[in-house]
Amino acid sequence: MATLYLTEQGSKITRTSGRLVISKEGEVIQQIPIIKVERIVIYGRVKITIPVLELILTEDIPTAFLTIEGRLKGVLEPARSKNIILRIKQFERSRDPSFKLQFARSIVRGKISNQRRLIQRFSSHHPEIDFKPYLNQLNWLKDSISYETAISGLRGLEGKATALYFSAYAKLFKDEIKFTNRTRRPPRDPVNSLLSFGYTILVNEYFSLLSASGFDPYLSFYHAIGYGRPSLAIDLVEELRHPIIDMLVLDLIGRRILRLEDFTESQDGFYLTSEGRKAFFTNYERRMNREFIHPRENTITTMRKVMRDQVSKLLDTVMTNKEYEPYLIG
């Protein structure tokens, strides 16, 4: 197991020797050796003891705390990475307009390229739908990136491309669960709920990877910074949110792994039930650890390794001013 997801409300996590013990009302639910845990994600009301916190910090295991709806509340971090040289360089780059513009172009180009490639894949499975107008417009937007000389202009291009992409994406939901457009706070339907939930998980994973590498995950080059906003993690998520989360959501709904009864609706929007979250995490982990051939490097990889590689590329970019290479799906 790479990630330990704790979702059972009212449960408690303790430790005995080198094992984590999850129990509820005196009954042990699960035991797992700490050496098998790479990260921990805790949802809602789960009790955690001081000895467990000490063990997590000693073993340097990234741990995130989320609300029951999936919003990130905070993370437990060991002492900061010693790579102060990187953080100084990151700060300098964040004040360099030409560096930020070059990085932003790479991020937006990667995102729109992946959006276009995914629509091409959709079109091969749905010849009854005319996706050509979307592909042509996305191509035009991608070509326009080189002419934008301001980050605000790139954000405008990205916004137009994303609206187009989701218009095409919406055509793929035809059964009991429909999707019309992207809504965030609150998510107005099950698909939006899953997209927001998944993107939060990805941001959390990047937050941990960036922190471990010595970056300040709050100091970005493309997205605006804001108090408590992990903007650098959000920068990197852009190129992967569609290939990982959007494809996962499509699969979960299309194969009816998740159905309407796996969601609850309130004034605050749609959210997964406890059983729905378990199904989501099972399939998310399967997707993140599935091996495939890297489209550029022709090596066996996984999406989790791709994420680590992209952080390494970002480190190289920040330290040497080398152009950032976004991940492009094949």
Side-chain angles (χ1 to χ4, degrees), residues 1-11 22 24 29-30 41-46 64 66-72 115 118-119 121-129 131 134 162-163 165-205 237 240-290 303-304:
M1 175 183 293
T3 304
L4 177 61
Y5 296 100
L6 297 173
T7 62
E8 186 67 36
Q9 300 304 288
S11 62
I22 298 101
K24 183 175 182 181
I29 301 172
Q30 184 182 12
V41 182
I42 298 175
Y43 287 83
R45 295 183 177 179
V46 176
L66 288 81
T67 66
I68 194 68
E69 294 85 10
R71 289 189 290 273
L72 183 65
Q115 288 173 334
L118 285 177
I119 291 177
R121 286 191 184 181
F122 300 156
S123 65
S124 65
H125 297 294
H126 296 276
E128 77 280 8
I129 304 174
F131 286 108
Y134 301 98
T162 299
Y165 166 80
F166 277 123
S167 294
Y169 185 72
K171 296 180 180 296
L172 306 173
F173 295 87
K174 298 180 177 179
D175 295 327
E176 62 176 355
I177 294 181
K178 300 287 192 303
F179 174 66
T180 52
N181 63 302
R182 182 81 176 105
T183 59
R184 300 176 184 176
R185 299 187 182 94
R188 297 292 185 190
D189 55 56
V191 174
N192 274 297
S193 175
L194 292 173
L195 293 175
S196 295
F197 192 68
Y199 297 158
T200 300
I201 301 295
L202 273 189
V203 169
N204 173 54
E205 289 215 24
V237 160
L240 295 181
R241 63 172 71 220
H242 304 313
I244 297 178
I245 301 302
D246 296 10
M247 296 303 288
L248 173 64
V249 171
L250 196 57
D251 188 50
L252 290 170
I253 301 299
R255 292 199 292 139
R256 300 191 177 189
I257 296 170
L258 291 178
R259 306 191 64 168
L260 275 177
E261 53 263 35
D262 293 308
F263 297 85
T264 57
E265 182 183 7
S266 68
Q267 289 184 336
D268 296 329
F270 279 80
Y271 295 99
L272 281 166
T273 63
S274 176
E275 290 303 311
R277 280 194 296 275
K278 289 176 184 175
F280 182 94
F281 289 136
T282 299
N283 287 276
Y284 174 78
E285 283 299 301
R286 191 173 293 148
R287 189 169 195 82
M288 295 300 286
N289 295 310
R290 181 187 303 156
M303 288 313 300
R304 216 158 239 143

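From a predicted model like this one, the values you see are computed outputs, not experimental measurements.
A search for side-chain contact (heavy atoms from CB on, under 4.5 Å) contacts involving A170 returns F179, not counting sequence neighbours. Legend: residues meeting side chain to side chain donor-acceptor pair (under 3.5 Å) with T183, ordered by chain and number and at least two apart, are N192. Residues passing the side-chain contact (heavy atoms from CB on, under 4.5 Å) test with S167 are Y134, sequence neighbours excluded.
Between Y5 and E285, the closest side-chain pair of non-hydrogen atoms falls below 4.5 Å. In this structure, the side chains of M303 and Y284 stay at 4.5 Å or more apart for every pair of heavy atoms. Using a 4.5 Å heavy-atom threshold, the side chains of L194 and I245 count as separate.
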Please walk me through it: do I244 and Y199 pass side-chain contact (heavy atoms from CB on, under 4.5 Å)? CA-CA 9 Å; I244 297 178; Y199 297 158; over 6 Å; no
Residue pair R182, L195: steps toward the side-chain contact (heavy atoms from CB on, under 4.5 Å) verdict: CA-CA 9 Å; R182 182 81 176 105; L195 293 175; 3.9 Å; yes
So L258 and V249, side-chain contact (heavy atoms from CB on, under 4.5 Å) or not? Walk me through it. CA-CA 9 Å; L258 291 178; V249 171; over 6 Å; no
Evaluate M288 against T3 for side-chain contact (heavy atoms from CB on, under 4.5 Å), listing each step before the verdict. CA-CA 11 Å; M288 295 300 286; T3 304; over 6 Å; no
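With values rounded to the nearest 0.5 angstrom, Y169 atom OH is found 13.0 Å from T180 atom OG1. Rounded to the nearest 0.5 angstrom, I42 CD1 and T67 OG1 are separated by 13.0 Å. Note that CG of L118 is 10.5 Å distant from OG of S123, once rounded to the nearest 0.5 Å. Note: F131 CZ to R121 CZ = 14.0 Å, rounded to the nearest 0.5 Å. Expressed to the nearest 0.5 Å, how far CG of N283 lies from CD1 of I257 amounts to 4.5 Å.
Nearest heavy atom pair, residue E8 against residue I29, reads CG-CD1, 4.1 Å. Nearest approach of V191 to D189, heavy atoms of both residues: N-OD1, 3.1 Å. Summarising the geometry of I177 relative to F173, their closest heavy-atom pair is O-CB, 3.6 Å, with the distance given to 0.1 Å. What you find for H242 and Y165 is that their closest heavy atoms are ND1-CE2, 3.4 Å.
For residues 257-267, the salt bridge (charged side-chain N to carboxylate O under 4.0 Å, His left out) pairs, not counting sequence neighbours, are E176-R259. Every pair passing ring pair (Phe, Tyr, Trp, His ring centres under 6.0 Å) that includes a residue from residues 253-280 is listed here, sequence neighbours excluded: F197-F280. Legend: salt bridge (charged side-chain N to carboxylate O under 4.0 Å, His left out) pairs involving residues 196-205, not counting sequence neighbours, sorted by first then second residue: E205-R304.
Looking at D251, its side chain never comes within 3.5 Å of a backbone N or O of M247 through a donor-acceptor pair. With hydrogens and angles ignored, the 3.5 Å screen pairs no side-chain donor or acceptor of R45 with any backbone N or O of Q9.
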